[in-house]
Amino acid sequence: MSQVDTNMWAEKLPLIGNIMNQEEVFWVNPLIETTKTGLTKVNVTAEDVKDASDRLKRFAPYIQLVFPETQVSNGILESPLTAIPNMKKELEQNYAVQVPGELLLKQDNAMPISGSIKSRGGIYEVLKHAETLAIEHGLLTKEDDYAKMAGPEFKNLFSKYKIAVGSTGNLGLSIGIMSAKLGFNVTVHMSADAKQWKKDLLREKGVIVIEYPYDFSVAINEGRREAESDPSCYFIDDENSYDLFFGYAVAGERIAAQLKERGTIVDEENPLFVYLPCGVGGSPGGVAFGLKLIFGDNVHCFFAEPTHSPSVLLGMMTGLHEKVSVQEFGLNNLTAADGLAVGRPSHHAGKTMEPLLSGIYTIQDEELFKLLKLLVDSEGIRLEPSALAGMIGPVNTIQRNINESNSQNATHIVWATGGGMVPQSEMDLYYEMGGK
Ligand SMILES: *Cc1c(COP(=O)(O)O)cnc(C)c1O
């Protein structure tokens, strides 16, 4: 059945043999270009990201009104950037490496609404769709105060429309909660990896949850198929969406402002390294793109995938992108990192990252739990397993001295992609999995 000649690939690219053996690997992207050249080869632009940023600003008065927990940030959804010096010591001791630069944690686990990075792209695409409909129906202009969207005439309009999405969990949470708040009828098609508490929480909020005993690819295909037959239904397509990507990319300007505020310099002598957990590639791709727009050649972005689900890695290495799945390479796509349990990559994120990404590494589930426990013990910060995939990044690049990552002028940012809404009992189990 498999159309991919895995033997041929393993011979051509020996690292593929290691990947097929479920070993942890580190891949340096041979196709990376200078950022200036790279940006001319992709079909997304700085204007796309600016448009998303402006739209989020227009929506801020509405967000602040309907999610009062966002009043502190005036309706802008953002997360803290936190120094984690104690965790840095733990990494040094546990992995026998010196980390001379500073180690920071981008705490998207503390993102409002979904407690994950999905509050960037997912929320953004729902808002954009709502804005489009409201303008089409003459209820809104871009100059209005968007707080009016909390009114009954908007809820009435949106209640005539549907939104659907396929998800391993967190995307469903962000899109389900935001869509339900606006008044849409929303259906989330959940893969087998999705946690029970996420399904329960969505149903409590009036979201229709359809469960599949299969992986993400099946859930998303079913959702897409069902949405296609209904013209009132808008499908948020995690494998194809550019709007999700632009929503994520706004993180670039946000973190640039946070770095500036804390006095962290990024330039030729002071490089920035960013480690991003990766599923389909949309969220890490969007964030990395946003960062490259701002910091250019002075930022080095790496994706992190589970050893059982290296879909973007196989897609980028072979250049076949969405045409390959991890299953075709004999891997089962089973991982405790549910946010990363994706067997087939996005149709565009890997291609877009081809000239811009520094590399990808894989990590075993066992390491995720070990790092999860270390972070709780050293910093008191609780993340979901997926969100720890970036934590081993500094160790991996420093051991290889990639792009002078072992300089004391380097800053390393681990992107903590989620965990903010995980129930305590669930979190206790994760912690125990981290061993003694
Ligand atoms: C979705 C998700 C990711 C990866 O995002 P993709 O867009 O699928 O690559 C990483 N971590 C967490 C916690 C997630 O929910």
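Both counts, for ligands and for their atoms, begin at 1 and track the order of listing. As the structure is a prediction and not an experimental result, all values here were calculated from the model. Atom set for the values below is all heavy atoms of this structure, side chains included, hydrogens, waters and symmetry mates excluded.
Applying the 4.0 Å criterion to heavy atoms of N170 picks out, from ligand 1, the atoms 13 (C), 14 (C), 15 (O). In the vicinity of C278, heavy-atom distances shorter than 4.0 Å reach the ligand 1 atoms 9 (O). Counting the atoms of ligand 1 from 1 in the order shown, those under 4.0 Å from a heavy atom of G339 are 1 (C), 2 (C), 3 (C), 4 (C).
Within the cation-pi definition used here (under 6.0 Å to the ring centroid, within 45° of the axis), K370 qualifies as a partner of Y95. Both the sub-6.0 Å distance and the 45° axial angle are satisfied by K181 relative to the ring of F67. Judged by the 6.0 Å distance and 45° axis criteria, R400 is positioned over the aromatic ring of F26.
With no hydrogens or angles considered, no side-chain donor-acceptor pair links H189 and E211 at under 3.5 Å. No donor-acceptor contact under 3.5 angstrom links the side chains of N86 and E90, judged on distance only.
In this structure, the protein non-hydrogen atom closest to atom 7 (O) of ligand 1 is S283 N, 2.7 Å. Closest to atom 12 (C) of ligand 1, if we only count protein heavy atoms, is T417 OG1, 3.4 Å. Among protein heavy atoms, atom 8 (O) of ligand 1 sits closest to V280 N, 3.0 Å.
Between L340 and ligand 1 there is a heavy-atom distance shorter than 4.0 Å. Within the 4.0 Å heavy-atom shell around ligand 1 one finds P284.
Here the two rings, on Y275 and F302, have centers that are under 6.0 Å apart.
Residue contacts with ligand 1: G281 is placed with a nitrogen or oxygen under 3.5 Å of a nitrogen or oxygen of the ligand (distance criterion only).
Distances from atom 2 (C) of ligand 1 to the heavy atoms of E384, K118, E305 put K118 nearest.
Between H348 and F245, the two ring planes are perpendicular [angle over 60°; tilted spans 30° to 60°].
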